[in-house]
Amino acid sequence: MLQTRRMLLTAILVLTAMYTAMAQLPKLERVEPAFWWTGMQEPMVQLIVHGDKIATREVSLSYPGVTLQEVHKVENPNYLFVDINISSSANPGTFPIIFRQKGQKDIVYQYELKKRESSIKAQGVNSSDFVYLIMPDRFANGDKSNDVIKGMQETSLNRDSMYKRHGGDIQGIIDHLGYLQDMGVTTLWMTPLVTNDQPSASYHGYAATENYRIDPRFGSNELYKRLADSLHKRGMKLIQDLVHNHIGSQHWTMKDLPMRNWVHQWPAFTRSNFRAAPLMDPYSAASDRKLMTEGWFDVHMPDMDQSNPYVRKYFTQSHIWWIEYAGVDGFRLDTYPYNDADFMAEWGKAIKAAYPNFTFFGEVWVRSGPEQVFFTQGNTVNRGFDTQLPGTTDFQSLWAISAALNEKPGWDDGVVKLYATLVQDYQYQDPMRNVVFLDNHDLSRFYSVVNGNKNKYKAALAWLLTTRGIPQLYYGAEIGMKNFSNPDGLVREDFKGGWAGDTLNKFTAAGRNAEENELHDYISKLANYRKNSPVLQTGKLMQFIPQDNVYTYFRYNAEKTVMIVVNPNEKEMALSTGRFTERTTGFSKAKDVISGNSFSLSDSLRIPAESTLVMELER
């Protein structure tokens, strides 16, 4: 018995020693990107390697076609930045990267070079598309098993709170792609899906703690790729939302900064002034410009120092990685004016070089046309260099349609603002690349902006789907979801029917009330008409100076002409067609694409109060 106890004790001591020794073995915390591909346009890849005192080790590798170019040591000895060159002769495969130190056990990382897939990717998003914006946590819960993930900092789930997570996920979106396609949507844009492991309010996605990983509460990298594949099989596209400007305070690099200038440093917390004007103001103070671009977005959103070449490479490579891995077709760039302009131009060139058909647009939340144009590519307003930004979110058109439907008419007021906004299009290299919209996750829902006036709302939707540019609809707009953006959470409600147990299912006609079905059917009819009418996608636009607070414009090409009339007045208006002969000559009738009714162009058209008529001209 005593001998058995001694043997057992010896075994325990041996095992304890083994586990202790294993725990003391050197290891890597991570290598990013964890894998790459052969045959990429840019042969150089910079790996960020993180591990305890990894900088004390020598790095080596041996693989045909792959060269260890340079190893960079930085302030923090827990980091190495390793440049490898992957030549065109390199074949897919796995090879060891060895981190060696005399007297220590080697650390070996098996790096994989994958073969590039021939699947659909990087198609680009353009004016032929109709974009649907989703806040994933609030759209549909397709997988209840990932609602709460143990070990993450926020584990609460409360649909009654506007700031807590609600459980929506990627699977919920995949489950409703048919609903979106039937409505005429061609492209899906979701607020960021990468991991936001923050202590609170992590649902929105704009405080990333990872660059290469989908938040497990939304799904997985593999599921995100499946979403892209599902969209492509339907002839649809995927936009990924990117944040260059800032990361979350709990980002893995913030927990162990590679170097002080990984983020902008201030003696005390300093917030951005949120004013873009100093960036273009010829009389601005340097301190105002610095505060705009280097101040932190919020206390939990550190501002990246994009003058740092390692920061630049880290972000650019991660974005290329997502295009190649998941098959992303376009990017939306968050808080664009806050970024370092030189970096964003460099980034734009790199993306375009890697994927010539790929497109992206920047969020440019400013109050004037010249300010908006300032950030777009082509140096059209003498900025002094090319930003490489094809288009922006068109806030100027948003302000204009809101004024048209809510302001009293005047020489420069009301519907004239729609006309005046498009007058400024001469400044853009191509205004068709701008994304037009009525609302989004940061703005009051437009149905509330027009005080729940159904006719005005439909008038705005008709304008959205017929003006120049790329139209974007915010989830729930098709059923007239309402509320104001103070606080933001009020416009981020759940889409009813997306959760098991919801008493109403707005994804179905049976679950919608009469008004919701009317709006849904109206949008669907116009969106599908647009989807099948190249004239509304790429056709030329001609507008006429508004008269009597009525705005008329045409979209036309060699095959078709569409006449659009916006009447925000509280009474029906008679519109004489005589002044539009430049576009109406040769046509005798105008057919309302919604009702199917036809009108003679020889007579005055009767335009109902607070409405937009969309009419296809007939000979």
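Heads up: numbering here begins at 1 and tracks the sequence.
The backbone N or O of Trp189 sits nowhere less than 3.5 Å from a side-chain atom of Asp241 that would complete a donor-acceptor pair. Not one N or O on the side chain of Asp394 forms a donor-acceptor pair closer than 3.5 Å with the backbone of Asn434.
The environment of Arg116 atom CZ is dense: over 12 non-hydrogen atoms of other residues, nucleotides or ligands sit within 6.0 angstrom. Applying the 6.0 Å contact sphere to NZ of Lys313 captures more than 12 heavy atoms from other residues, nucleotides or ligands.
With sequence neighbours left out, the ring-ring contact (aromatic ring centres under 6.0 Å, His included) criterion links Phe446 to no other residue. Taking the ring-ring contact (aromatic ring centres under 6.0 Å, His included) definition, one finds that Tyr474 meets it with nothing, sequence neighbours left out. By the side-chain contact (heavy atoms from CB on, under 4.5 Å) test, Ser307 pairs with Asp305, sequence neighbours left out. When the side-chain contact (heavy atoms from CB on, under 4.5 Å) test is applied to Met236, the partners found at least two apart in sequence or on another chain are Leu180, Gln181, Val185, Leu231, Arg234. In this view, Lys506 and Glu516 satisfy the salt bridge (Lys or Arg N to Asp or Glu O under 4.0 Å) rule, not counting sequence neighbours. For Ala277, the side-chain contact (heavy atoms from CB on, under 4.5 Å) partners at least two apart in sequence or on another chain are Glu371. Partners of Arg213 by salt bridge (Lys or Arg N to Asp or Glu O under 4.0 Å), not counting sequence neighbours, listed by chain and number: Glu210.
A salt bridge is absent between Lys233 and Asp229: the closest approach of a Lys/Arg side-chain nitrogen to an acidic carboxylate oxygen does not fall below 4.0 angstrom. We find that Asp169 and Arg217 are not joined by a salt bridge, their nearest charged nitrogen and carboxylate oxygen being 4.0 Å or further apart. Of the charged side-chain nitrogens involved, at least one lies within less than 4.0 Å of a carboxylate oxygen, so that Lys237 and Asp129 count as a salt-bridged pair.
Here side-chain hydrogen bond (donor to acceptor under 3.5 Å, both in side chains) pairs that include residues 271-281, with residues two or more places apart or in two chains, are Arg271-Asp298. Applying the ring pair (Phe, Tyr, Trp, His ring centres under 6.0 Å) rule to pairs touching residues 370-390 yields nothing, sequence neighbours excluded. Pairs of residues two or more places apart, or lying in two chains, that qualify as salt bridge (Lys or Arg N to Asp or Glu O under 4.0 Å) and include a residue from residues 346-367 are Arg312-Glu346, Arg332-Glu363. Counting only residues at least two apart or in different chains, side-chain hydrogen bond (donor to acceptor under 3.5 Å, both in side chains) contacts with residues 37-46 comprise Gln46-Asp83. Listed by first and then second residue, the side-chain hydrogen bond (donor to acceptor under 3.5 Å, both in side chains) pairs that reach into residues 136-146 are Arg138-His166, Asn141-Asp147, Asp143-Ser145, sequence neighbours excluded.
Counting heavy atoms from C-beta on, the side chains of Gln265 and Leu257 come closer than 4.5 Å.
Note that Arg445 lies in the cation-pi zone of Tyr475, set by a 6.0 Å cut-off to the ring centre and a 45° limit from the axis.
In this structure, Tyr79 has its ring center no closer than 6.0 Å to that of Trp262. Under the 6.0 Å cut-off for aromatic ring centres, Tyr132 and Tyr179 do not qualify, their centroids lying 6.0 Å or more apart.
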